[in-house]
Amino acid sequence: MTIDIVILAAGKGTRMHSDLPKVLHPIGGMPMLERVIETAKQLGDVKITVVIGFGAEQIRERFAHTGVQFVEQTEQLGTGHAVAQAIPNLRPDGTVLVLYGDVPLIKSGALQSLLSGAEKGPALLSVEVANPAGYGRIVRDDSGRVLAIVEEKDADTETLAICEVNTGILAAPADLLSRWLPALSCDNAQGEYYLTDIIARSVSEEITVIAVRASDPTEVTGVNSRAQQAQVERALQRHEAQALMNSGVTLLDPARIDIRGRLSCDTDVCIDINCIFEGEVELGKGVHIGPNCLLKNCRLAAGAIVEANSIIEDSNIGKACSIGPFARLRPGTELADGAKIGNFVETKKAHIGCGSKVNHLSYIGDTMIGEEVNIGAGTITCNYDGVNKFRTEIGDGAFIGSNTALVAPVTVGAGATVGAGSTITSPVKEGELALGRSRQRTISDWERPSKKR
Ligand code: UD1
Ligand code: CA
């Protein structure tokens, strides 16, 4: 089957009150249009044309890499006019599927049944709603055959009472669309060229129209306002949470998790409340994530524990590592198995070897730390001279006393010890003790200043 997909994305989205084109607004951390394109691609070897108008340049730029084609609709004269702009891109022997850049949760399953119903004539996707206000109504005859779609503004009272509505999504043979669309009239309440008018046209030519009912209304919900965006976002998050639980993940509260990308979990993962996952996150067997954590593009191996209020970004965490509470692991952090990062510790481009510990109040950047190293509280790697960054290297088994400043570039050899409060500016060799601080002076006959009377 030759499938040509046309995605409508020309509208401004006035009710969003935004400078950003509506279809670039995110749902689950991803522009709505990107979700629609991804779903379209699941239908196989399809050709995708996106109809753009408002913010055309921004949309082209954002989606240049996806291989979709763009056609511009300079004036938004209606959905029929919009699809007509794509006619030059349609293959005459194909089936055309019309999707919307602002209906982001549509799934390929529903589309597949629509496509198989559209080989000889149009197939539309309808949905039963409690409140049909704003939608085009599906008009059927007594035997249930679809006769027309009537837009709300053109409907009489009897038609307005119909609760089966048009989702907008439809499929039809390309040759029929190419013939029907240029012949649409705009003689209606909105003065627009309605795509939906092809239904009555098809009926008048005695070509049967198939109506497929969407089983899940959230799949076909469109986003026209910030409130609908939030509603669709929640629906997606509920779905993601359900899928995680179905696969064996413990969520302490499925209503308080946000997945803005892809989260994959091995068995017996437990996630406490208010966690956000962005980009690609992988959690190994038995990983435990405490409350209020943000994890972005990272992989955590089996048994790792992240305690409350920690942030991990572009990092790799080994087996049985322990992180937080209140830790910040910035891009390029690599923790080997069993490493430990405690509270108020920030790391960046840092490799922490097996079993090593940075337990309290430290900054470790551009650093290579060996195995079984202890970094004392308040240790700072001074990696930046205001212009350039420099590296720090610390060998296996070294012990860095509390409140040490390691002025990079600098190395501390294996088994070496640095005394608390030191400022280390030159290399410390294997096994040495380094003290880089002024000697303590003790004055015995000193009196504290007292308040003047
Ligand atoms: C449309 C349907 C209606 C359906 C509803 C579902 C028509 C005439 N009506 O109505 O039956 O119930 O969707 O939400 O099709 N667009 C363009 N160019 C245009 C006009 C629209 O790209 O010239 C895009 C918009 O950006 C939007 C989508 O098409 O994403 C739908 O357009 P809109 O004007 O919102 O259609 P509705 O009046 O909601
Ligand atoms: Ca709409």
Side-chain angles (χ1 to χ4, degrees), residues 5-16 18 20-25 27 31-33 35-37 49-56 59 70-87 97-106 122 124-129 131-139 146-155 159-160 162-172 177 180-181 184-201 209 211 213-214 217-225 228-229 231-232:
I5 294 179
V6 179
I7 304 177
L8 303 192
K12 179 169 189 305
T14 314
R15 279 178 284 161
M16 296 294 281
S18 173
L20 191 68
K22 180 164 74 176
V23 296
L24 292 186
H25 281 263
I27 293 292
M32 291 194 254
L33 180 56
R35 290 193 172 269
V36 179
I37 291 173
T49 303
V50 181
V51 182
I52 50 178
F54 180 78
I59 297 173
F70 296 98
V71 294
E72 241 171 284
Q73 184 195 24
T74 42
E75 265 186 296
Q76 275 80 68
L77 302 177
T79 50
H81 179 260
V83 178
Q85 307 311 301
I87 291 176
L97 172 64
V98 179
L99 299 176
Y100 295 78
D102 59 357
V103 181
L105 300 189
I106 188 68
L124 62 87
L125 189 64
S126 74
V127 67
E128 213 51 75
V129 290
N131 174 12
Y135 290 101
R137 311 296 205 275
I138 310 291
V139 180
V146 174
L147 294 180
I149 299 173
V150 178
E151 291 306 301
E152 168 146 310
K153 289 186 177 139
D154 302 292
T159 310
L160 286 174
I162 298 171
C163 287
E164 187 190 0
V165 300
N166 177 30
T167 63
I169 293 168
L170 62 77
L177 276 186
W180 290 339
L181 292 178
L184 288 177
S185 123
C186 62
D187 182 16
N188 53 51
Q190 301 184 78
E192 285 182 8
Y193 296 93
Y194 292 163
L195 174 62
T196 46
D197 281 354
I198 66 161
I199 302 302
R201 178 68 189 263
V209 177
R213 267 179 229 232
T218 57
E219 259 191 51
V220 295
T221 304
V223 172
N224 297 301
S225 63
Q228 281 170 336
Q229 182 185 8
Q231 194 188 323
V232 168

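We count ligands from 1, going down the list as the structure has it; atoms in each ligand are counted the same way.
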**Message:** Need the ligand 1 atom indices (1-based, order shown) with element for anything under 4.0 Å from a heavy-atom of L8.
**Reply:** 22 (O), 24 (C), 29 (O)

**Message:** Run H81 and E192 through side-chain hydrogen bond (donor to acceptor under 3.5 Å, both in side chains) and show every step you take.
**Reply:** CA-CA 8 Å; H81 179 260; E192 285 182 8; over 6 Å; no

**Complete:** So for E192 against ligand 1, with non-hydrogen atoms under 4.0 Å, the contacting part is neither

**Prompt:** If you count the atoms of ligand 1 from 1 in the order shown, which ones are under 4.0 Å from a heavy atom of G11?
**Reply:** 22 (O), 26 (O)

**Message:** Out of F54, Y135, Y100, Y193, who is nearest to atom 14 (O) of ligand 1 when you count heavy atoms only?
**Reply:** Y135

**Prompt:** What part of N224, side chain, backbone, both or neither, has a heavy atom within less than 4.0 angstrom of ligand 1?
**Reply:** neither

**Request:** Just let me know how D102 lines up against ligand 1, side chain, backbone, both or neither, with a heavy-atom cut-off below 4.0 Å.
**Result:** side chain

**Message:** Can you tell me which residue among E164, E128, E152, E151 is in a salt bridge (charged side-chain N to carboxylate O under 4.0 Å, His left out) with R137?
**Reply:** E152

**Prompt:** With a 4.0 Å heavy-atom cut-off (strictly under), which part of A10 contacts ligand 1: side chain, backbone, both or neither?
**Reply:** both

**Request:** Report the part of L77 in contact with ligand 1, treating N, CA, C, O as backbone and CB onward as side chain, heavy atoms under 4.0 Å; options are side chain, backbone, both, neither.
**Result:** backbone

**Fill in**
ligand 1 to Y194, heavy atom cutoff 4.0 Å, flagged ligand atoms 8 (C)

**Message:** Quick test of your reading of the structure: of D197, T79, N188, whose heavy atom lies closest to atom 16 (N) of ligand 1?
**Reply:** T79

**Prompt:** Just going by heavy-atom distances, which of Q73, R137, E151 is nearest to atom 11 (O) of ligand 1?
**Reply:** E151

